Amino acid sequence: MEWLLRALLQLAPAAYRERYGNSIIADFHSCLDEMRRAHRSAFPVTVRAVADLLLAIVREQITNGTRSIVYTLRSLARTPSVTLAMIVTLAIGIAANVAAFAVINGVLLSPLPFPQSNRIVAVWTKIWVDNAECTHCSSSLYTSFAYREQNSTFTSLAPYHDWSGIVSGDGRAVNLQGAVVGAQFLDVLGVHVQLGRGFGLGDENASAPNVAMISDAFWAQRFERDPSVIGRNLVVQGKPIRIIGVMPRNFVFPNFTRVSEQPALFLIAKRTDLNPSVGGWGIIGRLRPGISYEQAARDLDRIIATLAGTHPGVYRNDGRLNEVNIVPLPDDLFGPMRLVLLPLFGAVFIVLLIACVNVANLLIARTVGRQRDIAMRLALGATRADTMREMLMEALVLALASACIGLVGAYYAVQGYAALHPAGIHRIDRIAIDGHVIVYAVAIATLSAVATSVLPALVLMRGPLFASLKEGRFQVSTRGSGVRSALVVVQIACAFSLVVACGLLVRSLQAYANVDLGFNAAKLVAIEPPPVSAAFLSNEGLQTQYFERLRQNLAALPGVASVAYATAAPLSDGEADEFVNILGGPRNADALFEFVSPEYFATMGTQVVRGRAITTEDVARGRPVAVVNEQFVRRFLGRGDPIGRQFLNGDTTFTIVGVVPTITVNRVGEEAYPAMYFAIAQLPALWHTTYSGFNVPFMVRLRLPLAAMKDALLSAWRAADPREPMPELATMTQLELEQTANTRANAFVLGVLALIALLLAISGTASVAAYSAARRTSEIGVRMALGAARSDIVSMLIRGTALLLTAGLGIGLLLAAVASSALRPQLFGTPAFDPVTYAAVAAILIVATMIASFVPAYRAASIDPAKALRYE
Amino acid sequence: MAQPNGTIPPAALYVLLALSDGERHGYAIIKEIDAITHGALTVLPGTLYRIIKQLVDDGWIVEVDGADAKDERRRYYRLTPRGRKAAQTEVARMAMIVSIARARRLAPSGARV
């Protein structure tokens, strides 16, 4: 059994093992001998001895460890200000890093709440328009049914669509967010209702009764979780709908992105009026086991090819067949977020690096200061390993203290980030300081501790130590100065790259702000209603009358300057396009087309630059006219007066009567689309076939802020027909801001990080400058005694820092180039290597570091030369 | 080996007692403690040397070279004056407790506690 004891002793602290290991073994043998002599079994004693040894070793290690920690704490407490500086610096670096990890952990890493979520895919359509590819185009309900019925690679497929509307019954009418989904929606997601039943294929028939599922939150809030809710009726948009099921608690479908709340009501997508060219639906599906994404895509492509046979205009564009784009649901959701969040993660690592460098610098200074102390202890028998272990222990204690503070800081940082409401980042509610994050914090703190203690240890261990015992009282050691300078270069480089990244985003924001939208966004409100009810579908006259009523109601309000409606609001995704043949020009010219009410351009604040708008006279005379935008003229009409030119759509010849500036359609700063505008009154038939079932956005120019007018607007809307759904209201300024929200959030976060990095780099530079000035004190004394002026001394000292600065900027340029390339997808109107930004940041860094090094240089130069000469 | 409140843990006190009448080596201390407690307390080598290490570091016992030639692997330990004093203080403290207990009839008078 001796081998067992010897093995256990390896776990013991060195002192215990070396001093008493042999004695323990010897006494154990004596014990065994005695047992043998007494003819007693040695087994119980052996077991107890082994257990006792193990226990003794554990307790010895604990005592050692505790003593070690107490020693470290006392040692750190001896230099309170330096220790505090180190803890604060590291805490900031760790806080930023942990916060970023918390965001990434919650948003990207936590799994989707669906079983086998990588078997769920989103089905998008790739369409070629104008030689450009739309890779994530929505599909029509018609197409989704075709997919479902003709596929061989999916177990289930379902379309889905956002919805909102008025729900009443039980007396209270509320405007609810909801969703319209296919019958197999829950099957695709692998989710089951908690009460009642889900949708079945039979519910899709037009003749089937109207049914719906409600969310758990709605069930709790409205029905107090009463189980008899199944079978009860709700009145939705004036029609009765029977509740058949309740969705499970905490059900979240992240792709309902346009609504800030999750749906309360789920309606079934019915097989009515399936028009292949009406898009707007998303599709999700669950793959059969063993089917790859490519196989599924090819399967659905085959279906499209079949459909193109009967509906060529829809499934073929620019002569090319539409293609299916299969994206696994996690990628569909997380892909765009990864683009945004991962560079941020890189940025916080840079900040942590700078913080660690600062702390390493401080540790080196501390170590150098304690050199004689350490040398003495080495002379008295401590080993180098002991000393290194002590330094590591110091760094660990520091790092763990910083980690605790850092975790608190990270908590607030995360709250702040969520408050920024970064657009396109979903699942913000899943960001929390949970177990994963704490483990990460400890790991990162340990890593930082090792990183920051390695360098001081190396500095110390290099070269003979006993020489330091002989150093005079005032001498400042030259040890470590090279390493510290190198570290400052690294800091400057990192700070440069971060500030450049932030600067590029700021420039992008500037560029966005300077874009000419083509209309006046001030106090302009877009009212986006959901689809009108079936009552209007059969009678085109009724629908236009409804719109006119709405327009008049709204226009009659005091506080409203003018009202108009059109088939697409700017900065939304509602436009449609058509092919026309220009007489005397290109055939099959593709342009956006919009129906607008007569007041449209006036309401938008868009000046007609040539000719005029469409008037009631044109309508009365029955001559089809159109207004086109400048991009249309530029692309299709060439030189000469556009007024009077004509183009053909179908059998109708249109005459151009006016030209307007290009209005932004989807995104601020997009490429300009050619567009044509028609009067609804002139083309009621075309209007009806294209737009029945859809509602049109209204544009309202207000005299007062939206907040003051909101209720009045909504009441006026309701008054036109109380059965119709209620719209969403948004100011154009709001929509504009929403589009840049992401860039703004990133710019802000990067700005904070860049500021931290800059401050850390400056403090690092200042401390190194002070250190090197102190090092040359005697030299300064000699020079001053020999007649050098203060300014000479200052410039001599600053030269050293200037060298570091140059090196730092050089490396920083490379780092910034890498960072800029990574940032390129998020930039707008700004080249990745924008000279203005780079030059400005370089200037900032130069000025900052020069000031930071000037102060210590000035103080060093102001020293009394006699005192300086006393330094050895 | 003083605790923060000034007392000595029982096992350590027994080691001091075992050394009170002369030098012993490790195994002999184990046997002696076994004897004086009539088998009630068995100190095994692992724990024993932990106590010895602490007592040596505190200066209450010292290591001396083996007296017997055949015990060359064994190290002998001897009580120092400081250690003797510490043991006496601890015993006196315990005696005081016992006498208070006797006065309040918590201990049978004259019994060995």
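A quick note: this is a predicted structure, and the numbers were derived from the prediction, not measured. Chain letters run A, B, ... following the sequence lines, proteins first, then strands; residues in each count from 1.
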| said: If you count heavy atoms of other groups shown closer than 6.0 angstrom to CZ of R93(B), is the number above 12? | reply: yes
Applying a strict 4.5 Å limit to non-hydrogen atoms, the region of V43(B) in contact with chain A is neither
CD (E63(B)) and OH (Y20(A)) are apart, to the nearest 0.5 Å, by 5.5 Å
OG (S23(A)) and CG (L48(B)) are apart, to the nearest 0.5 Å, by 9.0 Å
Hits for salt bridge (charged side-chain N to carboxylate O under 4.0 Å, His left out) against R48(A), two or more places apart or cross-chain, chain-then-number order -> none
Give a yes or no on whether a salt bridge exists between R19(A) and D57(B), defined as a side-chain N under 4.0 angstrom from a carboxylate O. yes
Residues passing the side chain to side chain contact (heavy atoms under 4.5 Å, CB included) test with A49(A), sequence neighbours excluded, are F28(A)
Note: R50(B) and A56(A) closest approach over all heavy atoms is CD-O, 3.3 Å
Open item on the list: Checking the side chain of D52(A) only, and the main-chain atoms of G46(B) only, is there a donor and an acceptor separated by less than 3.5 Å?
Closed with: yes
Whatever's closer than 4.5 Å to a heavy atom in chain A on I51(B) counts as neither
Residues 400-410 of chain A side chain polar contacts: donor-acceptor under 3.5 Å, at least two apart:
unit_1  : atom_1 : unit_2  : atom_2 : d
S402(A) : OG     : I87(A)  : O      : 3.3
S402(A) : OG     : L398(A) : O      : 2.8

Within residues 59-69 of chain A, contacts to chain B at heavy-atom distances under 4.5 Å involve R59(A), E60(A), T63(A), R67(A)
